[in-house]
Amino acid sequence: MANMSLKKNEMPAQDPHVRNCNFQEVALGYTEAMALDEATRCLNCKHSPCIAGCPVEINIPAFIMKTAQGEFEEAYQIIAKDSSLPAVCGRVCPQESQCELVCVRGIKGEPVGIGRLERFVADRHIETIKEKPVKPESNGRKVAVIGSGPAGLTCAGDLAKKGYDVTIFEALHTPGGVLVYGIPEFRLPKSIVQKEIDVLKELGVTIRTNMVIGKSVSVDELLDEQGFEAVFIGSGAGLPTFMHIPGENLKGVYSANEYLTRVNLMKAYRPDTATPIKKSSKVAVVGGGNVAMDAARCAKRLGAEEVYIIYRRSEEELPARAEEVEHAKEEGIIFKLLNNPVRILGDEQLCVTGIECLEMKLGEPDDSGRRRPVPVEGSEWTIPLDTVIMAIGTSPNPLIKSTTKGLETQKWGGIIAEDPSGKTSRDHIYAGGDAVTGAATVILAMGAGKCAAKAIDEELNAAK
Amino acid sequence: MYKILKKMNLNPTVTLMEIDAPPIAAKGEPGQFVMLRVNENGERIPLTIADFDRQKGSITIIFQIVGATTEALNHKQEGESLQDLVGPLGVPSHVEGLKKVAVVGGGVGSAIAYPIAKKLHAQGTVVHSIVGFKTKDLVILEDEFKAVSDRMVMVTDDGSYGEKGLVTDALKELLDAGELYDEVIAIGPVIMMKFVSLLTKKYDIKTVVSMNSIMIDGTGMCGCCRLTVGGETKFACVDGPDFDGHKVDFDEAMQRGTMYRDFEQKCHEDVCNLYKMEVK
């Protein structure tokens with residue numbers, strides 16, 4: 001008989017007033033007892049809507065059944081068939097809008113805590129499995145992967161398992177892409193990302209850091225001169241967007257990319273690192289997505305007394321995960337919803353002194369289906385501040401496009417690629433993840449990397 | 001990787017390093033830069049490529065010791081390696097089709113101006129170099145500039161070497177004497193580039209400056225290096241570092257450059273103390 005509790009087992013977490021002063025992980029993970037109990041809430045429905053709700057179609061009921069029986073490694077192996085990064089996705093996937101959204105238990109009460117169970121199973125695997133993955137026999141064929149974020153890591157891992165000689169090219173000095181420079185330590189510990197990367201190395205994948213494709217070497221050189229038979233572009237969406245309002249170049253205005261890179265990649269929060277970051281006391285983060293929440297929560301942890309989220313729509317439209325919004329609120333982030341910045345104010349030294357906002361109200365739905373924010377005339381007001389962080393989105397870096405002839409892209413910069421193979425307008429060149437879709441989720445990027453690996457394998461096999 | 005092949009102190013605060021970096025040496029062009037980290041917890045800093053040897057697979061960087069990172073870099077010895085080095089980044093300087101150019105270098109900026117002068121000279125452009133330093137002890141690359149210049153003017157602020165005065169004085173003198181240049185390329189402190197640009201504006205001579213903004217990734221990802229050029233926001237790392245000097249908002253760039261001054265000063269002191277302790 002299933003456990004008919006209407007509520008999920010709660011996720012143990014650090015106390016909000018303790019955690020908003022440290023960078024350790026917020027959510028502490030289920031205990032074995034919690035996982036066993038939560039797993040019995042799954043009804044193992046015949047039509048399993050959760051599987052279709054998962055972008056990579058993990059056999060969710062099967063892994064939860066194994067979990068309920070205490071067969072955690074077996075559960076892990078079921079997830080691993082479809083996902084290369086379970087410990088990462090168990091933490092950062094928006095389950096509430098995917099698998100858990102369609103969970104039958106969610107009709108009356110809360111859905112099964114699928115994400116929390118995935119995390120438990122993945123962490124248990126990492127803790128207990130000591131043997132290293134076996135390096136498959138090489139088939140001697142070289143494939144290049146550009147970018148070491150979720151798309152690239154997945155594509156590289158899948159190809160390496162099939163025996164390909166895979167080289168990942170990473171522009172920064174540490175592999176991991178957005179998992180390392182973007183998502184903060186308190187949401188995704190870097191040691192977990194490192195473990196996934198270590199697995200790839202065990203599988204024989206070569207990772208070349210400090211290689212900017214399009215500058216250090218071009219895609220065509222990889223194909224024509226360096227002997228790679230195919231290239232997968234998973235270079236992400238790394239270009240920051242600004243609002244183009246007055247005052248954006250004042251000192252104290254950051255893109256979320258810059259702020260998060262200083263904090264996460266360069267570890268500016270640690271006293272033993274050399275990268276500077278502003279000691280802020282009043283911070284506004286403009287935007288309502290996960291990146292905005294991450295930036296706001298980082299600012300709080302760095303000692304800011306007041307941290308605001310300024311978002312032009314209402315709470316309902318916030319693109320961030322509900323859990324992240326909740327966590328941010330608990331940590332004391334102040335939400336100024338239905339407000340849009342019109343200019344940033346500064347002093348004679350060009351330092352930020354405040355931000356002027358215009359109140360908004362919601363009008364008719366726009367193209368995205370969300371109600372369009374409309375300014376309220378004469379509602380200008382000012383928040384005194386010393387720091388502004390722009391977290392209003394990113395787009396793909398044009399560097400690869402501009403240095404790869406014949407590679408077609410959308411007007412906004414996304415590489416045009418077939419779904420699901422990732423084939424681009426150029427032979428032997430595949431692409432996937434944010435470089436194709438614009439900023440999206442880890443799991444979608446991972447799914448794209450998987451599909452492209454399959455397509456690359458098929459192409460190269462056919463050409464044998 | 002990134003081994004220091006040669007190290008030389010050009011003056012008490014400026015050091016030259018030749019570094020083993022075959023992929024960068026193969027592609028690098030004057031005007032481009034590298035990002036480097038000296039050690040594991042170090043920051044990423046941009047430095048312009050001062051020279052490269054494609055055959056040997058090495059690049060040369062010339063840096064002034066101004067903060068913690070350059071201090072730490074200066075403590076690296078021949079045979080040791082840098083933690084990270086990536087490049088070549090940025091857009092190469094445009095030199096095609098130039099017949100006669102005045103290359104203006106100020107202080108350590110001369111190290112960035114030199115490879116451009118060298119390339120211009122190699123393609124047959126008439127090069128007039130004006131290089132300026134605070135005082136005689138700080139003069140660098142004099143012979144190098146002489147070798148690639150049809151005419152060279154050395155100035156020092158205090159008159160202890162060459163002519164007394166600023167590079168703008170020397171440039172004005174040449175312009176007033178009737179020299180006609182297709183372009184002026186000015187590289188040095190922001191304040192120097194500002195005044196060179198103001199001067200050449202009066203003479204209506206196209207002027208290119210190289211902006212050394214604060215950067216983190218150097219690939220267009222963070223936007224930290226943004227500056228205003230002709231009313232538009234540009235990123236020095238991917239749109240530059242070369243820009244039209246008549247359009248750059250130098251005052252804003254100078255202010256942005258001071259963003260972390262206090263932090264940098266403290267870090268520099270900390271690092272210096274650390275090295276002093278090691279010596280003891």
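Reminder, nothing fancy here: chain letters follow the sequence lines and each chain counts from 1. Note: hydrogens, waters and symmetry copies are ignored here, and every other heavy atom, side chains too, is used.
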> Quick one: what part of A:Glu221 sits under 4.5 Å from any heavy atom of chain B, side chain, backbone, both or neither?
side chain
> Between the side chains of B:Asp262 and B:Lys266, is the shortest nitrogen-to-carboxylate-oxygen separation below 4.0 Å, so that they form an ion pair?
no
> Quick check on A:Lys267 against chain B: is it the side chain, the backbone, both or neither that has a heavy atom closer than 4.5 Å?
neither
> Among A:Val231, A:Leu153, A:Ile168, A:Thr167, which residue satisfies the side chain to side chain contact (heavy atoms under 4.5 Å, CB included) criterion with A:Val145?
A:Ile168
> Is chain B contacted by the side chain of A:Leu250, its backbone, both, or neither, given a heavy-atom distance below 4.5 Å?
backbone
> Answer with side chain, backbone, both or neither: which region of A:Ser216 has an atom nearer than 4.5 Å to a non-hydrogen atom of chain B?
both
> Out of B:Glu40, B:Met221, B:Arg44, B:Glu43, which one racks up the most heavy-atom pairs below 4.5 Å with chain A?
B:Met221
> Relative to chain A, which of B:Leu89, B:Val271, B:Asn39, B:Asp251 shows the most heavy atom pairs under 4.5 Å?
B:Leu89
> Salt bridge check, B:Asp20 against B:Lys56: does any charged N sit closer than 4.0 Å to a carboxylate O?
no
> What residue, out of B:Arg226, B:Met259, B:Glu264, B:Met1, has the most heavy-atom pairs lying under 4.5 Å from chain A?
B:Arg226
> Among A:Ile389, A:Val178, A:Asp294, find the residue that satisfies the side chain to side chain contact (heavy atoms under 4.5 Å, CB included) test when tested with A:Leu260.
A:Asp294
> In plain terms, say whether B:Lys119 and B:Glu29 are close enough for a salt bridge, that is, a side-chain N and a carboxylate O under 4.0 Å apart.
yes
> Is it the side chain or the backbone of B:Ile214 that comes within 4.5 Å of chain A heavy atoms, both, or neither?
side chain
> Can you check whether anything in residues 392-402 of chain A gets within less than 4.5 Å of chain B, heavy-atom wise, and list it by number?
A:Asn397
> Report the option among B:Leu85, B:Ile24, B:Thr69 that has the most heavy-atom pairs separated by less than 4.5 Å from atoms of chain A.
B:Leu85
> Tell me, out of A:Ser255, A:Pro240, A:Ala237, A:Gly236, who's got the most heavy-atom pairs with chain B below 4.5 Å.
A:Pro240
> Can you confirm whether A:Leu385 sits close enough to A:Val283 that some side-chain heavy atom of one is under 4.5 Å from a side-chain heavy atom of the other?
no
> When you check the gap from the basic side-chain N to the acidic O, do A:Arg343 and A:Glu356 get nearer than 4.0 Å?
yes
> Side chain from CB out, backbone as N, CA, C, O: work out which of these in A:Tyr181 comes under 4.5 Å of a heavy atom of chain B, or both, or neither.
side chain
> Relative to each other, are the rings of A:Tyr254 and A:Tyr259 parallel, tilted or perpendicular (30° and 60° limits)?
perpendicular
> Heavy-atom cut-off 4.5 Å, strictly under: side chain, backbone, both or neither for B:Arg37 against chain A?
side chain
> Can you label the angle between the A:Phe228 ring and the A:Phe169 ring as parallel, tilted or perpendicular, going by 30° and 60°?
perpendicular
> Side chain, backbone, both or neither: which part of A:Lys278 has a non-hydrogen atom closer than 4.5 Å to chain B?
both
> Using a strict cut-off of less than 4.0 Å between a Lys/Arg side-chain nitrogen and an Asp/Glu carboxylate oxygen, indicate whether B:Arg256 and B:Glu252 qualify as a salt bridge.
no
> Of the listed residues (A:Met266, A:Met390, A:Lys279), which shares the most heavy-atom pairs with chain B below a 4.5 Å separation?
A:Met266
> Tell me, out of B:Pro88, B:Gly218, B:Ala68, who's got the most heavy-atom pairs with chain A below 4.5 Å.
B:Pro88
> Side chain, backbone, both or neither: which part of B:Gln32 has a non-hydrogen atom closer than 4.5 Å to chain A?
side chain
> If you round to the nearest 0.5 Å, how far is CG of A:Leu188 from CG of A:Leu179?
6.0 Å
> Given 3.5 Å as the limit, does a donor-acceptor pair link the side chain of A:Glu185 with the main chain of A:Asn264, or not?
no
> Looking only at atom types and distance, does a side-chain atom of B:Asn9 sit under 3.5 Å from a main-chain N or O of B:Pro12, one as donor and one as acceptor?
no
> Supply the atom-to-atom distance B:Ser93 OG to B:Ile187 CD1, rounded to the nearest 0.5 angstrom.
6.0 Å
